[in-house]
Number of protein chains: 2
Amino acid sequence: MVSQRGEGETTSTPLEAADKERARAIPEAAVARLAVYLRVLSGMAESGVTAVSSEELSQAAGVNAAKLRKDLSYIGSYGTRGVGYDVEVLVSHIERILGLTRNHSVAVVGIGNLGHALANYGGFPGRGFPVTALFDVDADLVGIPVGGIPVNHIDEITAICLEREVSIGVIATPPPAAQSVCDRLVSAGVQCILNFAPVVLQVPDNVEVRKVDLAVEMQILSFHVARRADEAVHNSNGGVSVGNNGLGVDGMVIRP
Amino acid sequence: MVSQRGEGETTSTPLEAADKERARAIPEAAVARLAVYLRVLSGMAESGVTAVSSEELSQAAGVNAAKLRKDLSYIGSYGTRGVGYDVEVLVSHIERILGLTRNHSVAVVGIGNLGHALANYGGFPGRGFPVTALFDVDADLVGIPVGGIPVNHIDEITAICLEREVSIGVIATPPPAAQSVCDRLVSAGVQCILNFAPVVLQVPDNVEVRKVDLAVEMQILSFHVARRADEAVHNSNGGVSVGNNGLGVDGMVIRP
DNA sequence: TACCGCTTGTGAACGCATGCACAAAGTCGG
DNA sequence: CCGACTTTGTGCATGCGTTCACAAGCGGTA
């Protein structure tokens, strides 16, 4: 099984179909990296670079060269042995695989500090993601444009999302509102959600949720800080517990 | 090797040391989930819930129950068979493992839209992460407090970070400035960095970087949108390419 | 045209993470 | 006090992702 992703490249099937078949087999982790490669490659293209080797590209992207080649192999064989990759060619193929050839209409819900920041990004970095609607509960915000887009009341979410064919919903509300907003987005046919609220969203299977959770990120870093401190203790004296916080991160002066 | 994370729990070694030994063995993925469990548990505690089973907790956290138990087992055995876990106990143990018992001073660099949003979070969600310094290149911003903290010029970054013992640096600058800011943070002794700039940072081995990349998140979602659309085509007619953008995401009206 | 050096693409091995299934261990009711 | 029931903690198998190492393929050169 698993269909042994074509090594023969028999010219029998149309290209489009073959790509789609392949797309299903790309590991999630690789997709994330492809997006990074795309950015690096775009930068190179702007700098006038036309060709690149896996070694160069991998270093710029901060990954292992072998991993990069394997990632690229998921989308096809577009390199030239002995030479490397053509930057333009790679860019266009990655864009196609990531679905960036069509536009994805984005709606941002919750126009607080973060919502403002998101709306003002203006079409989102790397473009192809036009923000077409903003929503908030606060009546005072409704009607006032942010980043050029007028804010609508949250009750209009279903109608407007359907009308503007929003494909990606961004939740930037306070935690208590997140699940309710999510439900409304889902019922408006939105199948992909980017969630900034520190809440675990419950969604049907056919909806894809990605979360960006500051608290979690900070806490992961905190874990590493703690681990480092412990290792330092460990290394400086082979002994056990001179007091686990002997590293002087104590007595810190915090100005509020 | 790998020291077979103690099943015997011989009471020979002090608890503290045992924990640290264990901390090193916790998989990164598990650490991220522990942070999520912690939030869910905190919410439960506030609601007056005192006990919870792995089944309940796992559902609230959106993970498999077995995985949850395995994650918790990395930090020790604090459940009661036949009963479940004591919420308070679990909270305090997770906090300890994540290093949340000490405060981690945070500096935010780049006071644009995002920087404002971050500064105004006010001590960061879940607290324990006091923002003690803000930086920007723009002289017009310097001196004006944001979220109660005055903005300093970026040239002071090294001195102030050292003085206030900043342990986590947050980069919210435009892409071109990110690497330079990163270098300065590192030379100020900051070993953990949270990077919002869409740039691959080059850092020494002893520095931990986590990145939050909106463009990448959006593109991953885009990939899934495309995959869904293809599957839909696939299912509705077994045929090939009725035009790859026949799904009507075209014709969108974008107001600038 | 034939050889040489370089870089890609990938088979295969390895390691980590996930999920299952069950023994161990506790509570509760009688 | 005992037996039945519940839930944890974990050994084991499975699958995914990463890394290695090398054959295949291409351009340049004589």
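Labels below follow one simple rule: chain letters A, B, ... track the order of the sequence lines, proteins then strands, and each chain is numbered from 1.
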For atom CG of B/Leu72 and atom P of D/dT7, their distance in whole Å: 16 Å
Distance in angstrom units between A/His93 NE2 and C/dT8 C1', rounded: 15 Å
C/dT8 phosphate, OP1 or OP2: any side-chain N/O from A/Ser54 under 4.0 angstrom? yes
Can you measure A/Lys67 atom NZ to C/dG9 atom P for me and round it to whole angstrom units? 18 Å
Identify which nucleotide among C/dT7, D/dG9, C/dG19 has an atom closest to any side-chain atom of B/Tyr85, counting heavy atoms from C-beta outward. D/dG9
Which of these nucleotides, C/dC20, C/dA24, D/dC26, is closest to any side-chain atom of A/Thr80? D/dC26
Out of D/dT18, C/dA17, C/dT10, which has the shortest distance to the side chain of A/Arg33? D/dT18
Contact nearer the 5' end of DNA chain D, comparing B/Gly79 with B/Gly82: B/Gly82
Output yes when a side-chain donor or acceptor of B/Arg228 lies under 3.5 Å from a complementary backbone atom of A/Asn206, and no otherwise. yes
Nearest to the A/Arg69 side chain among C/dT10, D/dT8, D/dG25, which nucleotide is it? C/dT10
Rounded to whole Å, OH of A/Tyr74 lies from C1' of C/dT10 at a distance of 10 Å
Please report the C-alpha distance between A/His224 and A/Ile220 in whole Å, then the side-chain angles of each, then the deciding distance to 0.1 Å, and finally whether the side chain to side chain contact (heavy atoms under 4.5 Å, CB included) criterion is met. CA-CA 7 Å; A/His224 288 294; A/Ile220 293 171; 3.8 Å; yes
Keeping the roles fixed (side chain from A/Ser42, backbone from A/Leu38), state whether a donor-acceptor pair exists under 3.5 Å. yes
Counting heavy atoms not belonging to B/Gln202, are there more than 12 under 6.0 Å from its CD? yes
For the pair made of CD in A/Glu55 and P in C/dG9, what is the distance, rounded to whole Å? 15 Å
Quick one: does B/Lys70 reach the base of C/dG19 with a side-chain donor-acceptor pair under 3.5 Å? yes
Whether the B/Gln219 and A/His104 side chains hold a donor-acceptor pair (N or O, under 3.5 Å, no angle test) is what I'd like checked. no
Identify, between A/Val83 and B/Gly84, the residue whose nearest nucleotide on DNA chain D lies closer to the 5' end. B/Gly84
Separation of C/dA23 C1' from B/Arg81 CZ (nearest whole Å): 8 Å
A/Asn64 side-chain N/O to D/dC20 phosphate OP1/OP2 under 4.0 Å: yes
D/dT6 P sits how many Å from B/Glu56 CD, rounded? 14 Å
Mind calculating the distance between CD (B/Glu28) and C1' (D/dG17) to the nearest angstrom? 16 Å
